[in-house]
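Only heavy atoms go into these numbers, but all of them, side chains included; no hydrogens, no water, no symmetry mates.
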Amino acid sequence: MPPENTPPEAADFLAAFNAASRPDAEAMLRPCLDVPRWCNEVAAARPFATPGELLSFAELAAPDFTQAEIDAALAHHPRIGDRADGTGTEAGFSRSEQASVSGLEGIQDRLQAGNRAYEDRFGRVFLIRAAGRSAEEILAVLEERLQNTDAEELPVIAAQLRDIAILRLEGLLNA
């Protein structure tokens, strides 16, 4: 029986996640954040009694992502304003998260130029939690982050990856 006030969808995902083999549980998390250390730590901490307990643990798991972990995770993220390829869960999440960004004349061109400038500056794709943000807000943050040093930008990227992971995990719990 699911805990009181737990939506049935969350109980279904949580029950399947808790019951899965360790490799399968890690695979269930990978669309949220493809950082093996994070997936491993969250899967190893099972079982979780409630969705909130899972989300709280996931938010704090694997602190201080390494640059190699960040770069590997970013390999799966499309540029802001680009449509994610594929039909998998991760691509679906990305398309949904970036829904507010696509199709805006003028802003789209500025985002593409900003993406190129960011990639030239940092050697990686610009990443931001796009869900809930307007294209104008994303562009302003992109322009602001272009002023960061490499050392200042890495923890910002790590925080954005973690924010995206938690939003995606919430999505799985509510699917």
Side-chain angles (χ1 to χ4, degrees), residues 13 17 20-46 48 51 54-102 111-112 114-133 137-139 141-175:
F13 178 86
F17 179 68
S21 68
R22 178 86 165 263
D24 287 347
E26 290 177 15
M28 291 171 77
L29 295 170
R30 206 161 288 118
C32 300
L33 178 60
D34 196 1
V35 172
R37 183 167 57 98
W38 181 82
C39 294
N40 180 287
E41 285 185 22
V42 176
R46 294 171 305 148
F48 294 99
L54 169 58
L55 290 167
S56 293
F57 186 89
E59 193 168 0
L60 300 174
D64 303 324
F65 295 144
T66 67
Q67 183 172 342
E69 288 171 329
I70 289 169
D71 289 340
L74 288 177
H76 302 285
H77 285 271
R79 286 183 183 101
I80 288 293
D82 286 355
R83 185 168 170 81
D85 293 330
T87 58
T89 303
E90 189 171 3
F93 278 138
S94 183
R95 283 190 294 274
S96 175
E97 292 158 0
Q98 291 200 41
S100 68
V101 179
S102 59
L111 280 170
Q112 288 175 352
N115 281 329
R116 285 190 300 275
Y118 185 93
E119 289 172 22
D120 289 346
R121 168 87 174 80
F122 294 107
R124 64 180 59 89
V125 69
F126 170 71
L127 181 81
I128 187 170
R129 178 194 43 79
R133 290 187 166 140
E137 182 182 356
I138 291 169
L139 181 60
V141 172
L142 170 56
E143 291 169 349
E144 180 181 307
R145 284 178 47 193
L146 277 167
Q147 306 309 309
N148 285 349
T149 65
D150 291 341
E152 292 168 331
E153 186 61 9
L154 278 175
V156 173
I157 299 167
Q160 293 299 303
L161 280 168
R162 192 171 298 281
D163 286 353
I164 292 166
I166 298 308
L167 283 173
R168 289 178 174 186
L169 187 53
E170 287 173 341
L172 290 173
L173 286 163
N174 295 315

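Residue-environment remark: CG (Asp120) exceeds the threshold of 12 foreign heavy atoms within 6.0 Å.
With sequence neighbours excluded, the residues forming a side-chain hydrogen bond (donor to acceptor under 3.5 Å, both in side chains) with Arg37 are Glu69, listed by chain and number. In this structure, the side-chain hydrogen bond (donor to acceptor under 3.5 Å, both in side chains) partners of Glu153, at least two apart in sequence or on a different chain, are Tyr118, Arg145, Asn148. Every residue meeting the salt bridge (charged side-chain N to carboxylate O under 4.0 Å, His left out) condition with Glu119, not counting sequence neighbours, appears here in chain and number order: Arg79. By the side chain to side chain contact (heavy atoms under 4.5 Å, CB included) test, Arg116 is found to be paired with Gln112, Ala113, residues two or more places apart in sequence or in another chain being considered. Judged as a salt bridge (charged side-chain N to carboxylate O under 4.0 Å, His left out), and not counting sequence neighbours, Arg129 has no contacts. Residues passing the side-chain hydrogen bond (donor to acceptor under 3.5 Å, both in side chains) test with Glu152, sequence neighbours excluded: Thr149.
Taking CD1 of Ile166 as the reference point, atom CD1 of Ile164 lies at 11.0 Å (rounded to 0.5 Å). Residue Ile128 holds its CD1 atom at 10.0 Å from CG of Asp163, rounded to the nearest 0.5 Å. To the nearest 0.5 Å, atoms CG (Leu167) and SG (Cys32) are separated by 10.0 Å. Going from atom CD1 of Ile157 over to atom CZ of Phe122 covers 7.0 Å, rounded to the nearest 0.5 Å. Once rounded to the nearest 0.5 Å, the distance linking CZ of Arg121 with CG of Asp150 reads 5.5 Å. Atom-to-atom distance recorded for Leu154:CG and Gln67:CD is 5.0 Å, nearest 0.5 angstrom.
Counting only heavy atoms from C-beta outward, the side chains of Leu54 and Phe13 approach each other to under 4.5 Å. Inter-residue side-chain proximity for Leu173 and Phe17 is flagged as unmet; no heavy-atom pair is nearer than 4.5 Å.
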Handout entry: side chain to side chain contact (heavy atoms under 4.5 Å, CB included) between Leu146 and Phe126, intermediate numbers included
Key = CA-CA 9 Å; Leu146 277 167; Phe126 170 71; over 6 Å; no
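The main-chain N or O of Ala165 is never found under 3.5 Å from a side-chain atom of Arg168 such that the two would form a donor-acceptor pair. Without hydrogens or angle criteria, Asn40 side chain to Pro36 main chain gives no donor-acceptor distance under 3.5 Å.
Residues Leu142 and Leu111 come closest through the heavy atom pair CD2-O, 4.1 Å. Residue Ile70 comes nearest to Ala158 through the heavy atom pair CD1-CB, 4.0 Å, listed as atom of the first residue, atom of the second, then distance. When all heavy atoms of Ala130 and Ile80 are compared, the closest pair comes out as CB-CD1, 4.2 Å. The two residues Arg162 and Ala58 come nearest to each other via the heavy atoms NH1-O, 3.5 Å. Scanning both residues, Val125 and His77, for their nearest heavy atoms gives CG1-O, 4.0 Å. Of all heavy-atom pairs between Val35 and Ala73, the closest is CG2-CB, 3.9 Å.
Each of Leu29, Leu169, Leu33 was compared with Val42 under the side-chain contact (heavy atoms from CB on, under 4.5 Å) criterion, and only Leu29 meets it.
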